[in-house]
Amino acid sequence: MAGKQFPRGFLWGVATASYQIEGAVAEDGRGESIWDRFSHTPGKTWEGDTGDTACDHYHRYAEDVGLMERMGISAYRFSIAWPRIFPAGRGQPNRKGLDFYQRLLDRLEAARLRPFATLYHWDLPQALQDRGGWANRDTARWFADYAAYVMERLRGRVEAWITHNEPWVVAYLGHVTGEHAPGLRDLRTGVQVTHHLLLSHGLAVQAFRELGIPGKIGITLNIQLVHPATDREEDRRAAHLADGVFNRWFLEPVFKGAYPEDVWGLFRQLGVAPRVSDGDLAVIGRPVDFLGVNYYTRALVQYDPAATETFGVRILPGPGPKTAMGWEIYPQGLYEVLTGIHRVYGPRQIYITENGAAFPDRLEESGEAAARHTGQAGSLSGSRAGSASGFSADSPVVRDPERIEYLGRHFYQAWRAIQDGVPLAGYFVWSLLDNFEWAFGYSKRFGLIYVDYPTQRRIPKESASFYRRVAEENTIDDRFAGE
Ligand code: FCB
């Protein structure tokens with residue numbers, strides 16, 4: 001195969017998050033999270049879907065690790081549900097909650113999968129929301145206490161700790177647009193929340209260093225690539241500002257210990273600048289070992305004076321083909337993001353902690369599929385690999401050529417970035433399994449593995465076989481070179 005080789009030791013992994021896959025929300029002493037409350041509130045999620053059962057991963061984790069093992073990958077990014085560890089958010093820890101992650105880590109170790117653990121992937125204990133949640137500065141301290149407890153208990157078992165997943169999303173979708181839990185709609189609150197999230201990140205990094213926890217620690221940001229819709233000066237200015245609100249607002253404090261002046265100025269003008277205490281920025285700027293980048297798409301930005309709520313910024317979808325989320329497929333943006341961050345912020349290491357795509361996948365009986373395309377080799381689910389995968393010869397199949405194309409082209413751009421000196425050390429595909437896609441419920445399928453929710457049966461898609469080949473060969477085929 002003519003292809004491009006990744007560096008030796010490059011990690012190929014998959015990512016998930018607790019609330020999206022675990023289910024078992026009332027088991028073994030787990031407390032309520034804001035996503036339980038939100039998803040059970042009428043009208044908040046697609047068809048009222050909740051994470052009550054999700055992929056039942058809490059009970060099926062061993063099978064799920066087995067699927068990763070068969071995929072031949074080397075790392076797994078998962079998140080820890082804070083309300084399993086501290087059902088009330090703080091105070092008395094719940095032994096049984098921690099035990100679940102110990103069992104998961106045992107299974108990962110047996111499968112030689114390297115664990116990357118996210119400490120906060122959006123499931124705040126409801127008890128803390130009742131005290132103001134992330135709008136309350138105390139939550140930053142409670143997060144650091146929870147983080148310290150978990151890191152200490154799992155000391156030496158986790159290769160990399162990720163403090164937060166996508167703080168922009170938590171702050172804005174959770175507190176400004178209300179599309180996510182806790183469903184608030186107030187800009188000032190949202191901006192204050194960004195500061196408390198960042199502060200909590202810095203406090204957790206500090207705890208990690210003080211406790212001498214082995215391994216590394218970093219944060220995952222959703223880097224939203226923005227391009228001006230036209231060359232007009234006002235569109236360029238709007239795009240720069242959008243980049244500030246989405247990206248620089250988080251990157252600069254973490255890597256430079258300061259908020260970007262232009263965005264700060266805008267927030268002050270709007271009367272929503274956050275309250276920041278002396279020393280906060282020094283805490284937030286404590287050096288991290290790596291940056292996690294989640295990349296999915298780009299946005300076009302147009303200046304629109306009527307868009308007062310969004311500072312004159314109007315976001316338009318790009319012109320290219322879209323995924324089922326309506327997100328433009330723009331692989332070269334990954335290259336642009338990686339090289340740009342490397343140039344401006346120079347993190348010691350970068351991981352792509354999420355990248356992937358939703359498409360309207362459907363199950364086909366293998367007979368039906370075989371009649372249409374014979375000779376598909378190396379499938380994880382098809383008859384050839386049937387025995388190896390544990391799926392019988394007549395297992396249904398899921399053909400997802402668009403996902404293969406999406407991933408292949410993004411892998412290629414990651415390879416290009418490495419050629420240009422970006423210290424990219426690994427790549428986590430979102431996601432292992434189809435799962436609870438937040439406000440979209442189960443209507444969007446991101447998995448390499450299809451989940452038949454009524455039976456909880458797992459059926460590897462053809463993209464899982466594709467990914468296995470990429471991981472095994474550590475190579476990306478030249479046919480994905482096109483931008
Ligand atoms: C990211 C989230 C992840 C998943 C993907 C599609 O923003 O971190 O949980 O929902 O989007």
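Note: hydrogens, waters and symmetry copies are ignored here, and every other heavy atom, side chains too, is used. One-based numbering, in listed order, for ligands and for the atoms of each. Residue numbers count from 1 along this sequence.
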Below a 4.0 angstrom heavy-atom separation, can you tell me which part of N222, side chain or backbone, both or neither, approaches ligand 1?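 Neither; no heavy atom under 4.0 Å.
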
Is the gap between the ring centers of [X] and [Y] under 6.0 Å?
X: W134; Y: H164; answer: yes
X: Y351; Y: F116; answer: yes
X: W168; Y: F250; answer: no
X: W415; Y: Y412; answer: yes

Number the atoms of ligand 1 from 1 as they appear, then name those within less than 4.0 Å of a heavy atom of [X], with their elements.
X: N165; value: 8 (O)
X: F446; value: 6 (C)
X: Q20; value: 3 (C), 4 (C), 9 (O), 10 (O)
X: W438; value: 3 (C), 4 (C), 9 (O), 10 (O)
X: E437; value: 4 (C), 6 (C), 10 (O)

Kindly confirm or rule out a cation-pi arrangement of R409 over F480, judged by NZ or CZ under 6.0 Å from the six-membered ring centre and within 45° of its axis?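 No; the conditions do not both hold, so R409 does not lie above the ring face of F480.
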
Going by atom types alone, do Y61 and E22 pair a side-chain donor with an acceptor below 3.5 Å?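 No, because no side-chain N or O of Y61 sits under 3.5 Å from a partner of the opposite role on E22.
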
Test item: side-chain donor near acceptor, T16 and S431, under 3.5 Å: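 Distance-only check fails for T16 and S431.
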
Can you figure out which of E166, H121, H180, M325 has its heavy atom closest to atom 7 (O) of ligand 1?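 Going through E166, H121, H180, M325 one by one, E166 has the nearest heavy atom to atom 7 (O) of ligand 1.
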
For atom 3 (C) of ligand 1, what is the closest protein heavy atom, and at what distance to 0.1 Å?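 So the nearest neighbour among protein heavy atoms is E354 OE1, 3.4 Å.
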
Tell me: protein heavy atom nearest atom 5 (C) of ligand 1, and distance?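 So the nearest neighbour among protein heavy atoms is Y296 OH, 3.3 Å.
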
